[in-house]
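These notes concern the structure reproduced below.
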Amino acid sequence: MSDVVKANGLTKSYGDFKALDDVNFTIEKGSIVGLIGPNGAGKTSTLKSILGLTEFEGELEVLGTDPRKGRHHVMERVCFIADVGVLPRWLKVSEALDYIEGVHAGFSREKAEAMLAETNISPKQRVKQLSKGMVTQLHLALILSISVDLLVLDEPTLGLDILYRKAFYDQLLNDYFDHETSIIISTHQVEEIETLLSHLLFIDQGNIVLDSPMDNLADSFCEVIVKPELTDKAQGLNPIHIRESLGQKSMIFENVDRSYLEPLGDLHVPSVADLFVAKLQRAAR
Amino acid sequence: MNKFTILLRREIWENKSSFIYLPIVVASLCAFFVISGIGALQIGGDFVNIDADINYKSNQITETYNVDDTFDSLVGRGLQDFSRQPEIAKRNALNGVYLAISDPLILTLRLVIIFYLVMSLYQDRKDRSILFWKSMPVSDFTTVLSKVITALIIVPAIYLACCMALHLVLLLVSTLSALGYDVPIWSTLWAPAGIITRWFEMASYLLIVGLWCLPFYAWVLVVSSRAKSVPLAWIIGLPLVLILLEAIFGTTGHVKDFISDHIAPLFMAKDLERGIGPIFDRIMNVELMISIAIGFAFIAGAVFFRSKADEL
């Protein structure tokens, strides 16, 4: 069983509004998945369903079991960071260590202490005495010291400055990722996690609009900086996105053979951010 | 079990000031007033002359003194008279003293528990730390249970320990101050105080009143787990509305009686004055079982809402 998460017809309704509308996807073991979408697209509903934090319709398997059987069972093998700043302000660092050590069988106190030793955080401090960036460091050190099969990060770096954001992802990749654990990250800040991801899931208005391994992007998508005189010809090939900058038009094509595109101009793989804009504009049309 | 212990410790960490520091401060203040009161008698007693008729009354015996003496020797005479009182009279008198000195602690305890329960499932939704707690493999039932056990056993035990310390201080100080007078310490101050028995009585009193009031405690938990804002308004408001509806449309007073019966005892530590026996008789019956059952129903409600709970 190499699928960590398997969603089949996952639907989440709030009254008439469908936050998730018959969504299907799978997440393979050892992958780092970027769940990317605008606000209200259904990212949080997807993650909350996986974590057993909310009810839903359809089929969903997380590590072989239905998360509706109970959040606390899910949490033995899955961990999540909802976003920064949710650590209780009164909690002392040493108490946080004691607590997780007491309730979670997979927690390694030594590992957490080693990670904290590299920060300016002292065990006697309370969360409220730490800066926002330090709270994130603490939360990350705590969560990364728990060995689980799936880690879910929902906007983990929201509101942090660039230095902490970068450090966050460096630490995630270097200290944690071992190709055994799978990671799902949802975020707005696509550019920062682009290099990290092994799989992309774009979600918009409750639907998956792109589900692709990063390695396959180059096969399906191509961005062309079109020579001015060939604009009309390029238009004829149905680009999914056109962007104009500095007098040049760059177009993104989906599943168009490279032999058609090469004469039009310079080819390269579009960035995830551009792809995101392209796919979402298309979905909105 | 170890997992549950850490949950209880978590509750103490979060509420250290009201669970640990507050009872120590209250007990210290009580001890201070006792010591300074008796100390003032010891130091100043020699210099104060009293010239008055004093009615000394204890139980059935009334004696009138015609005094023209120093206060100090008056205290000595009072003590000697007290030591000659019948056993039951001495016990009743000391009972009152030891209970009165615990009263501030017991009252504080009740307020602390209620306030703790109000916030226990509300605060973490408000500051969003519920998302951290829910990321741990602890079931919602265990979480709620840890709050119930904290309110029923842990906090009362801490406050009881402070009461015990305070009783020991009172016993010690009264013994030291009686040393100067010719009275038998054991039969005058120690035996009638019966503090060990008293502690057992207080412990069972705290537990039983807690269980008797479980419907109220658990109702507070339900509101705490569900309310979107001002939980206190719901806690007080809904029972008031029920009582009003009953008064307008009903012919009986069952709702009102039930509600007041299960809240009032929290604030009547005086019940203990007649010993633990009458309290047992009053509530150790089917009614207590019904109270516990209703309490559990509310607890189940709190667990249900907790499992649906999200950040506010």
Side-chain angles (χ1 to χ4, degrees), chain A residues 14 44-45 47-48 50-55 67-107 126-128 135 138-139 142-143 146 148 150-156 158, chain B residues 1-22 115-116 119-147 149-150 154 224-225 300 302-312:
Chain A
Y14 295 97
T44 302
S45 293
L47 298 182
K48 282 193 169 159
I50 291 173
L51 295 168
L53 288 173
T54 185
E55 308 261 302
R68 280 172 289 203
K69 281 188 187 150
R71 173 192 54 80
H72 60 286
H73 293 305
V74 176
M75 290 313 153
E76 279 164 18
R77 297 175 66 194
V78 181
C79 215
F80 72 93
I81 298 185
D83 69 50
V84 289
V86 299
L87 289 180
R89 289 170 53 74
W90 52 265
L91 192 68
K92 268 188 205 165
V93 176
S94 60
E95 292 169 347
L97 294 170
D98 288 347
Y99 180 83
I100 302 179
E101 193 176 28
V103 301
H104 211 307
F107 180 68
R126 282 179 201 279
V127 169
K128 65 177 161 208
V135 175
L138 171 61
H139 202 165
L142 294 173
I143 299 303
I146 301 174
V148 285
L150 174 64
L151 178 66
V152 173
L153 305 170
D154 186 6
E155 298 282 2
L158 201 67
Chain B
M1 194 59 217
N2 188 29
K3 196 162 166 174
F4 198 70
T5 319
I6 198 82
L7 294 187
L8 296 178
R9 283 176 62 201
R10 190 221 91 106
E11 299 306 311
I12 297 176
W13 293 335
E14 182 177 6
N15 300 283
K16 211 171 224 168
S17 50
S18 59
F19 287 3
I20 310 273
Y21 302 140
L22 185 61
F115 188 72
Y116 158 72
M119 299 313 278
S120 63
L121 298 170
Y122 176 74
Q123 184 62 39
D124 62 358
R125 291 188 295 136
K126 214 174 152 212
D127 68 16
R128 308 186 67 235
S129 60
I130 185 173
L131 291 170
F132 170 69
W133 302 117
K134 284 212 171 190
S135 73
M136 293 294 140
V138 177
S139 72
D140 300 307
F141 171 73
T142 321
T143 304
V144 173
L145 190 67
S146 73
K147 318 272 176 185
I149 298 297
T150 302
I154 306 297
S224 179
S225 67
V303 173
F304 174 77
F305 288 131
R306 179 69 178 183
S307 71
K308 303 272 168 259
D310 211 334
E311 78 258 46
L312 284 177

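A quick note: this is a predicted structure, and the numbers were derived from the prediction, not measured. Chain identifiers are assigned alphabetically (A, B, ...) following the order of the sequence lines, protein sequences preceding nucleic acid strands; residue numbering begins at 1 within each chain.
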**Study point:** Ionic contact status for B:D127 with A:R89, cut-off 4.0 Å
**Key:**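 B:D127 and A:R89: not salt-bridged.
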Check your understanding: With a 4.0 Å cut-off, would you call A:E95 and B:R10 a salt bridge?
Key ->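 Not counted as a salt bridge, because no side-chain N and carboxylate O are separated by less than 4.0 Å.
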Exercise for review: Look at the rings of B:W133 and A:W90 and say which category their plane angle falls in: under 30° parallel, 30 to 60° tilted, over 60° perpendicular.
Suggested key: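 Plane angle under 30°, so parallel.
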Which heavy-atom pair separates [X] from [Y] by the least distance, and what is that distance?
{"X": "B:S135", "Y": "A:C79", "result": "O-SG, 4.0 Å"}
{"X": "A:I100", "Y": "B:F132", "result": "CD1-CZ, 4.0 Å"}
{"X": "B:W13", "Y": "A:D98", "result": "CH2-CB, 3.6 Å"}
{"X": "A:V103", "Y": "B:P137", "result": "O-CG, 3.6 Å"}

Review point. Can you tell me how far the CG atom of A:L87 sits from the CZ atom of B:R128, to the nearest 0.5 Å?
Key: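 Interatomic distance, A:L87 CG to B:R128 CZ, rounded to 0.5 Å: 11.5 Å.
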**Study point:** For B:N15, all residues meeting side chain to side chain donor-acceptor pair (under 3.5 Å), sequence neighbours excluded
**Key:**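 Result, side chain to side chain donor-acceptor pair (under 3.5 Å) vs B:N15: none returned.
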Point to revise | chain B contact via A:L51 - which portion, at a heavy-atom distance below 4.5 Å | key: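 Neither the backbone nor the side chain of A:L51 comes within 4.5 Å of chain B.
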Practice item. Please look at A:E101 and chain B and tell me whether the side chain, the backbone, both or neither of the residue comes under 4.5 angstrom of a heavy atom of that chain. Key: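 Interface part for A:E101: neither.
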List the atom pairs, donor and acceptor, that lie under 3.5 Å between side-chain atoms in residues 67-74 of chain A and the rest of the protein, sequence neighbours left out.
residue: A:R68; atom: NE; partner: A:D66; partner atom: OD1; Å: 3.2
residue: A:R68; atom: NE; partner: A:D66; partner atom: OD2; Å: 3.3
residue: A:R68; atom: NH1; partner: A:F56; partner atom: O; Å: 2.8
residue: A:R68; atom: NH2; partner: A:G58; partner atom: O; Å: 3.0
residue: A:R68; atom: NH2; partner: A:D66; partner atom: OD2; Å: 3.2
residue: A:R71; atom: NH1; partner: B:K134; partner atom: O; Å: 2.9
residue: A:R71; atom: NH1; partner: B:M136; partner atom: O; Å: 3.1
residue: A:R71; atom: NH1; partner: B:V138; partner atom: O; Å: 3.4
residue: A:R71; atom: NH2; partner: B:V138; partner atom: O; Å: 2.7
residue: A:R71; atom: NH2; partner: B:D140; partner atom: OD1; Å: 3.0

